[in-house]
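Structure first, commentary second.
Below, read A as the first sequence line, B as the second, and so on, with proteins coming before strands; counting in each chain starts at 1. Being a predicted model, the structure only gives us computed values, none of them experimental.
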Amino acid sequence: MFQELEQRISAAVEAQLAASYDLSLSVSLEQPKQSSFGEFAIPVAFQLARQLKKAPKQIAESIVAGLGSIPGVAALEIAGNGYINVRLDRAAYAGSLLRPSSRAPQSGGKIVVEHTNINPNKAAHIGHLRNAILGDTFVRMLRAAGRRVEVQNYIDNTGVQVADVVVGFHYLEKKSPAEVKALIDRPEQPFDYLCWDLYARISSYYKDHPEALVWRGDTLNAIEAGEGEIAELAHMVADAIVAAHLRTMLRLGVMYDVLPRESEILHLQFWAAAFELLKQRQAIFFETEGKNKGCWVMPASAFKTSPENDESAEDDSKVIVRSNGTVTYVGKDIAYQLWKFGLLGKDFYYRLWFAYPDGHQLWVTTDRPQTDKAPDFGAATEVFNVIDSRQSYLQDVVVAGLRALDFREQADKSNHFSYEMVALSPRTCVEMGIELSEEDKRRPYVEVSGRKGLGVKADDLIDKLIETAQAEVDQRHAEASAEERRRVATQIATGALRYFMLKFTRNSVIAFDFHEALSFEGETGPYVQYAAVRAGNILRKLQERGESLPDFDAVLTSEALGRQLASEDFWQLLLSASKVNSAVDRAIASGEPAHIAKYAFQLAQAFNNFYHEYPVLQETDAERRAFLLWMTRYFREQLLATLHILGIEQPPYM
RNA sequence: GCGCCCGUAGCUCAGUUGGAUAGAGCGACAGACUUCGAAUCUGUAGGCCGGGGGUUCGAGCCCCUCCGGGCGCGCCA
């Protein structure tokens, strides 16, 4: 509703400008600095002042004079040096919220969002959580806006990291596949935790015994060949860890549609197809001299924006195929990106991995034809890759590859949804018993390292959050069953975690701190959940008293709404609660899930004010009581809708 | 050396395409529970938006420069 008015008003002003000045420009509306100025501010007179050589105020006056009445608008005022401030017809606005028209589903092609993408060789850590929660929330935002979205989680099951853990099992611990299988099935020590330690161990072993690196090479070869005990081990390890990651992410409500795997990219010759295309269209060339002699390279001019001279261009060019004929990671990534857009001329085979508790199906790629009929994956019109900002250079190369192949449109629709890393606050390092150098102690944060086994495991953090929330729930609701208290504590804990990961904008480094993350007060997920619980409590209490909600349509006539909304307080509350869709659009446009988190907090804050100021059930005036109840229900709906987009569940009580 | 990011209240962070008097949470201090259950609310204090120059009606935001911090720049992934 809010956006429709916004569009209607700017269209009216644009028409007026075209008629009286013969100008065609798009008029944008702003939110006035103070709410007392009205609902919208139009600064267009400032833009025109120079062009028309007139004072902004004069222009504004002439525009207002020329504008007829706009449906839904009560008044236009000139303010300051030339702002046009818009006041809405409050009763009409509220009336349209009371009888909402469903949001028109937007058309458009499929959007592929790739996120999570964790090496399947050890437990997920807090950095991975930021990736998955950002990606999942962005998906929810797009879906809330009516877009069709496919969620991919790429699995690098044949890479160095998996190989290293396999080296650990095979060479260091001399374990057979059967013995490793027993470890996977053992309930007392989670397998992903065991691999976390093993990976750190083999990494430090390489340091002291560089000759052991031949094991890695042999293992990689065995994995690629796909046969023998080592290949079997690699499959078992990767599959078990992927299963663990999926369980961890499901705890936070994160789900996927399809898992494209590196092994299929290899076996189905995706790279060969991409290589042919790249050669054919001369996007890469064979280097015959210099340091990259014998390699297929992409010239730096393809992906560097800076003005380059010819000498440095050669130095900076990116190797795609090594002189030994093997392809680099970026090369495979180009093939994968081409497949995402349906440009490769090849497809995977798919088999059902499992169905989530809610019935949603998760598919995985395979290299053999299957009897199951899978959905159509890939062939997107736009792609978002949720990847750490440290990989922006490689993402640039991938996009440059598409552009060099003359897939300009798809290159423009390839988005690196980048975010900064999650590091650890020095204080948290100390709490965890991690030894810091004097230099590190002075730093604002300390980087995590999988190789060193330095970091906070995702499941440990979630467990700790649940434990902390549980203590509060136990204290407040001793009467509830243990099982139920556990469920509520889990909802609060995961809500707190998701909100924590979303409250920062993407390019800010999070210095993870247990004290902050475990907080349930102030700008947190539980604060928002609590507001929705309170709204629910009022409605529940009403029923417990044997009353039911009034017939809002009948009681809240246009006149009644006008009377109640004459109160500036009520009007501002209603207005802020009505902006969910507007917040979603803004957050999508800027690519910032943090904007939704911020909006959720403001909405909750507004409701908590309302809750404190107006005892709804004590109200005796029938019309006012009906109005307050309607506001309560409306706030609850809007809070729940916003929480859903953030992927935060609503506890029945707190 | 080259490229990208960051610097806003004691701390952690917001700040819409440049717009009216720069905001929030935490922390500090002072208050509010016989209630719709206080994981809440109200109030106070706290700012040369890193420094300097420029662009214009107008700059936290754009340009230049300097200072401080981070991350990239491999025939690793």
Side-chain angles (χ1 to χ4, degrees), chain A residues 26 28 30-34 37 41 43 46-47 49-50 55-56 79-83 85 119 156 159-161 262 287 291-297 304-306 308 312 315-316 318-330 332-333 388-394 396 418 420-421 423 425 443-445 447 469 472-473 476-477 492 496 503-505 507-511 513 515-516 519-524 526-527 529-531 533-542 586-587 589-590 592 594-595 597-598 601-602 604-605 608-609 611-618 632 653-654:
Chain A
S26 76
S28 57
E30 291 172 3
Q31 185 140 349
K33 197 72 190 169
Q34 284 177 30
F37 292 162
F46 296 104
Q47 284 172 256
R50 201 174 189 187
N81 294 326
Y83 279 99
N85 289 338
N119 271 306
D156 183 4
V160 171
Q161 294 216 15
E262 176 93 353
E287 188 67 82
K291 63 168 190 169
N292 294 332
K293 186 178 176 184
C295 299
W296 286 88
V297 302
K304 282 273 166 84
T305 48
S306 59
E308 80 291 343
S312 74
D315 265 8
D316 293 345
K318 175 68 193 162
V319 171
I320 304 296
V321 179
R322 304 177 186 108
S323 55
N324 68 3
T326 57
V327 60
T328 60
Y329 175 78
V330 190
K332 283 181 279 193
D333 228 25
D388 187 334
S389 67
R390 284 175 290 193
Q391 300 198 41
S392 59
Y393 162 68
L394 297 169
D396 287 347
S418 77
E420 275 291 349
M421 62 175 168
S425 75
R443 287 172 188 269
Y445 48 78
E447 200 175 340
E472 296 286 329
V473 176
R476 289 158 210 249
H477 300 281
I492 292 168
K503 70 192 280 193
F504 306 94
T505 48
N507 61 5
S508 123
V509 176
I510 298 180
D513 187 274
H515 180 72
E516 273 181 54
S519 165
F520 298 150
E521 291 169 12
E523 194 183 339
T524 65
Y527 178 92
Q529 289 174 317
Y530 187 56
V533 163
R534 285 176 133 185
N537 284 349
I538 294 173
L539 301 175
R540 181 172 43 79
K541 207 83 178 184
L542 184 79
R586 195 165 57 85
S590 59
E592 283 292 2
H595 291 163
K598 184 67 89 182
F601 175 67
Q602 285 164 351
Q605 214 170 27
N608 276 328
N609 276 308
Y611 182 90
H612 185 258
E613 196 71 25
Y614 306 100
V616 176
L617 297 180
Q618 253 118 71
T632 302
Y653 53 79
M654 284 177 76

Quick one: the side chain of S508(A) and the base of C13(B), do they pair up donor-acceptor inside 3.5 Å?
-> no
Under 4.0 Å between a side-chain N/O of K541(A) and OP1 or OP2 of G37(B), yes or no?
-> yes
C1' atom, C41(B) versus G37(B): distance in rounded Å?
-> 14 Å
Check step by step if side-chain contact (heavy atoms from CB on, under 4.5 Å) holds for K318(A) and Y393(A).
-> CA-CA 10 Å; K318(A) 175 68 193 162; Y393(A) 162 68; 3.4 Å; yes
Rounded to the Å, how far apart are K318(A) NZ and C73(B) C1'?
-> 10 Å
Does C26(B) have a Watson-Crick or wobble partner in any strand here, with both distances under 3.5 angstrom, and which is it?
-> G10(B)
For the pair D513(A) (side chain) and E516(A) (backbone), establish whether a donor and an acceptor sit closer than 3.5 Å, ignoring hydrogens and angles.
-> yes
Decide, for C36(B), between syn and anti: a glycosidic angle within 90° of 0 counts as syn, anything else as anti.
-> syn
Would you say V473(A) and I492(A) make side-chain contact, with heavy atoms under 4.5 Å?
-> yes
Reckon Q605(A) has a side-chain N or O less than 4.0 Å from the OP1 or OP2 of G25(B)?
-> yes
Taking N and O atoms by type only, does the side chain of E30(A) place a donor or acceptor under 3.5 Å from a partner on the base of U16(B)?
-> no
G37(B) phosphate, OP1 or OP2, under 4.0 Å from R476(A) side-chain N/O = no
Determine the interatomic distance between C1' on A38(B) and the same-named atom on A9(B); round to the nearest Å.
-> 27 Å
R534(A) has its side chain closest, among A38(B), G37(B), G25(B), to A38(B)
Rounded to the Å, how far apart are E472(A) CD and G37(B) C1'?
-> 14 Å
When both distances are under 3.5 Å in a Watson-Crick or G-U wobble arrangement, the nucleotide paired with C73(B) is G1(B)
What nucleic acid atoms does N609(A) come within less than 4.0 Å of, heavy atoms only: base, sugar-phosphate, or nothing?
-> sugar-phosphate
Any side-chain donor near an acceptor of the partner, R540(A) and N537(A), under 3.5 Å = yes
How is Q618(A) classified with respect to the nucleic acid when contacts are heavy atoms under 4.0 Å: base, sugar-phosphate, or nothing?
-> sugar-phosphate
Under 4.0 angstrom, heavy atoms only, what part of the nucleic acid is Y445(A) near: base, sugar-phosphate, or nothing?
-> sugar-phosphate
Can you find a donor-acceptor pair, distance only, under 3.5 Å between N608(A) side chain and A38(B) base?
-> no
